Colleague: 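Once you've had a glance at the structure underneath, I'll fire off some questions.
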Protein chains: 2
Amino acid sequence: MLKGVLEGCVLEIINRGETYGYEITRRLNALGFTDVVEGTVYTILVRLEKNNLVDTEKKPSDMGPPRKFFVLNDAGREELRKFWEKWAFLSSKMNELKERER
Amino acid sequence: MLKGVLEGCVLEIINRGETYGYEITRRLNALGFTDVVEGTVYTILVRLEKNNLVDTEKKPSDMGPPRKFFVLNDAGREELRKFWEKWAFLSSKMNELKERER
DNA sequence: CCAACTACTTAGTGATACTATGTAGTGGTA
DNA sequence: TACCACTACATAGTATCACTAAGTAGTTGG
């Protein structure tokens, strides 16, 4: 059910400020997507990087291994904008379908 | 983006009354999902049948070849109920994500 | 020193939708 | 009557995206 949606969530989280995979995973979990695991998030991040939607930077951490931070670039912000546009469309159509003829 | 959602839409359309693949496709198109084609819908219908969520009946048509009509059975209605439940969850979480910190 | 937590990576699989193509009935029209 | 448009179903192959599972490695506390 998350297909096509999770990537948008990751973009949105990154857009709120530089962050890294492990933290993104925990934020998604906190949001309610409790069974999203690290592997899933990292594959999305690899895809985002491959598609040139993000810039990355390795930084040391106090808590463990170095973190790979992500920020959206212009293409990433445009992708995010399109994502919310598609979501709004889908959402409105689904409500239309759900509410019709009750 | 439709991944996991389209099957629910098809269940909902069938639940409104006995219908068949070609008509379901046109209804989805009319709803706004303009690039959903017959092939997509038929593969979903095959899946629904394989998973025993629908009952089927062939009936002649005035307009062309015989139609294969679908109705939801108990399992199908339960699946539909769960689908809307999941949609409501996803939808609320997405809004939460979208609206936070603006 | 080892368990728990932090943090990243990737190969393989599965679910779902899309592409492309084929078959066939019916009706209109040139 | 020959052809085209529309109706209607079917399916093999592909692509996309997320999930499973496993591994590597740094840090901290008991």
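Below, chain A is the first sequence line, B the second, and so on; all start at residue 1. A quick note: this is a predicted structure, and the numbers were derived from the prediction, not measured. Every heavy atom of this structure was used, including side-chain atoms; hydrogens, water molecules and symmetry mates were not.
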Colleague: Do B:W84 and A:M94 come within less than 4.5 Å of each other through their side chains, counting heavy atoms only?
Modeller: yes

Colleague: Would you mind classifying the nucleic acid contact of A:T43 as base, sugar-phosphate or nothing, using non-hydrogen atoms under 4.0 angstrom?
Modeller: base

Colleague: Just to confirm, is there a sub-4.0 Å distance from OP1 or OP2 of D:dT16 to any side-chain nitrogen or oxygen of A:R47?
Modeller: no

Colleague: Can you find a donor-acceptor pair, distance only, under 3.5 Å between A:K3 side chain and D:dT16 base?
Modeller: no

Colleague: Given that B:E38 and A:G8 both sit by DNA chain D, which one's nearest nucleotide is further toward the 5' end?
Modeller: B:E38

Colleague: Quick one: does A:N73's side chain have a donor or acceptor within less than 3.5 Å of a partner on A:N52's backbone?
Modeller: yes

Colleague: Within this structure, what is the CE-to-C1' distance between A:M63 and D:dT28, rounded to whole angstrom?
Modeller: 9 Å

Colleague: Taking atom C1' of C:dT16 as reference, at what distance in whole Å does atom CG of B:N51 sit?
Modeller: 12 Å

Colleague: Expressed as a whole number of angstroms, how long is the span from B:I44:CD1 to C:dA15:C1'?
Modeller: 12 Å

Colleague: Which is more 5' along DNA chain C, the nucleotide nearest A:P65 or the one nearest A:T40? Just name the residue.
Modeller: A:P65

Colleague: Would you indicate what B:G4 reaches in the nucleic acid, counting non-hydrogen atoms under 4.0 angstrom: base, sugar-phosphate, or nothing?
Modeller: sugar-phosphate

Colleague: Take the protein atom CG of B:L28 and the nucleotide atom P of D:dA8, then report the distance between them rounded to whole Å.
Modeller: 16 Å

Colleague: Give the rounded distance in Å between these two atoms: NZ of A:K50 and C1' of D:dA15.
Modeller: 12 Å

Colleague: In whole Å, what is the span from the CZ atom of B:R27 to the C1' atom of D:dA8?
Modeller: 16 Å

Colleague: Any salt bridge between B:E85 and B:K82, counting N to O under 4.0 Å?
Modeller: no

Colleague: Between A:E23 and A:R26, is there a side-chain N and carboxylate O pair less than 4.0 Å apart?
Modeller: no

Colleague: How many whole angstroms separate atom OH of A:Y22 from atom C1' of D:dG26?
Modeller: 13 Å

Colleague: Do any side-chain nitrogens or oxygens of A:R26 fall under 4.0 Å of OP1 or OP2 in C:dA7?
Modeller: yes

Colleague: So, is A:Y42 close to the C:dC8 phosphate, meaning a side-chain N or O under 4.0 Å from OP1 or OP2?
Modeller: yes

Colleague: How is A:L45 classified with respect to the nucleic acid when contacts are heavy atoms under 4.0 Å: base, sugar-phosphate, or nothing?
Modeller: nothing

Colleague: Quickly work out the B:I24 CD1 to D:dT7 C1' distance and round it to whole Å.
Modeller: 15 Å

Colleague: Would you classify B:D62 as touching base, sugar-phosphate or nothing, given that sugar-phosphate means primed atoms plus P, OP1 and OP2, and contacts are heavy atoms under 4.0 Å?
Modeller: sugar-phosphate

Colleague: Please check if the number of heavy atoms outside B:K59 that lie under 6.0 Å from its NZ is greater than 12.
Modeller: yes

